[in-house]
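Reviewing the structure listed below.
All figures in this text were calculated on a predicted structure; none of them were measured in a lab.
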Amino acid sequence: MILVVDDDPVVRALMRATLQSDGFAVIEAGDGVAGCRIYREHRPDLLPVDLVMPRMDGFELCRELRSDPESAYVPIFVATGLDDVPSIARAYDAGATDFVPKPLNWLVLNPRLRYILRASRAFEELRRNQDRLTAAKQAAEAANSANPSSSSI
């Protein structure tokens, strides 16, 4: 599922139509406040986000989602009319996964988002493996300290 967060209803409609035509389930929010609320309700796999929106802009949305362990790694694809270097740097500093200026190239949107989703799933698998290895190491260390006679000679 993809959550499109943009204050422009025409952009949301175009993005929804483009994504749904490729089999994605799409939900929408008109600003960052609604985007955060809807994210928490539905836990989408990816968020295309505009930067310039009322109430809560895309920069703050990125920071808000990154500050929560439940959403810290969700891919955030920034699609915005701001294409100056300071805005790009600020978006990445706020936690954007990828950045593309508007107007969007609708022909490459779906393949690009599919790539981001694949990379995100691979990263998530690596994180799960790391967590399992850390837990196994801690269990082994705890067992070793509980039974000091089993240490090596």
>> Pair M1, L46 - check side-chain contact (heavy atoms from CB on, under 4.5 Å), show working.
In response: CA-CA 7 Å; M1 177 184 307; L46 184 141; over 6 Å; no
>> As a quick check of understanding, evaluate side-chain contact (heavy atoms from CB on, under 4.5 Å) for V52 and L82, giving each step before the final call.
In response: CA-CA 8 Å; V52 181; L82 298 178; 3.6 Å; yes
>> Determine whether D31 and D7 satisfy the following criterion, side-chain contact (heavy atoms from CB on, under 4.5 Å), listing intermediate values before the conclusion.
In response: CA-CA 6 Å; D31 62 43; D7 62 326; 5.6 Å; no
>> Show, in sequence, the C-alpha distance, side-chain angles and deciding distance for D50 and T80, and conclude whether the side-chain contact (heavy atoms from CB on, under 4.5 Å) test is met.
In response: CA-CA 5 Å; D50 188 16; T80 184; 3.3 Å; yes
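Y73 and Y39 end up in different hydrophobic clusters when Ile, Leu, Val, Met, Phe, Trp and Tyr side chains are linked at under 4.5 Å. When hydrophobic clusters are built by joining Ile, Leu, Val, Met, Phe, Trp and Tyr residues whose side-chain heavy atoms come closer than 4.5 Å, directly or via intermediates, L47 is grouped together with F99. No continuous path of ILVMFWY side-chain contacts below 4.5 Å connects V4 to I38, so the two sit in separate hydrophobic clusters. M53 and L14 sit in two unconnected hydrophobic clusters of ILVMFWY residues. Membership requires side-chain heavy atoms under 4.5 Å apart, directly or through other members. There is a path of hydrophobic side-chain contacts, each under 4.5 Å, that joins V100 to I2.
When all heavy atoms of P75 and I116 are compared, the pair lying nearest together is CB-CG2, 3.5 Å. Counting all heavy atoms, side chain and backbone alike, P54 lies closest to G30 at CD-O, 4.5 Å. For the residue pair L3 and G35, the shortest heavy atom distance occurs at CD2-O, 3.4 Å. When all heavy atoms of P44 and V74 are compared, the closest pair comes out as O-CG2, 3.8 Å.
For the pair K102 and V11, the minimum side-chain heavy-atom distance is below 4.5 Å.
Note that CG of D6 is 6.5 Å distant from CE of M15, once rounded to the nearest 0.5 Å. Separation of atoms SG (C36) and CZ (R55) is listed at 10.5 Å; rounding is to 0.5 Å. To the nearest 0.5 Å, atoms CZ (R118) and CG (L113) are separated by 11.5 Å. Separating the CZ atom in R12 from the CG atom in L19 is a distance of 13.5 Å, to the nearest 0.5 Å. We find the OG-OH distance between S87 and Y92 to be 12.5 Å, quoted to the nearest 0.5 Å. Separation of atoms CZ (R63) and CZ (R66) is listed at 12.5 Å; rounding is to 0.5 Å.
By the 6.0 Å and 45° rule, R112 does not stack over the aromatic ring of F77. A cation-pi arrangement is found for R114 relative to F24, the charged atom lying closer than 6.0 Å to the ring centre and inside a 45° cone about the ring normal.
Just one of I76, L51, V49 meets the side chain to side chain contact (heavy atoms under 4.5 Å, CB included) condition when paired with L61; it is V49.
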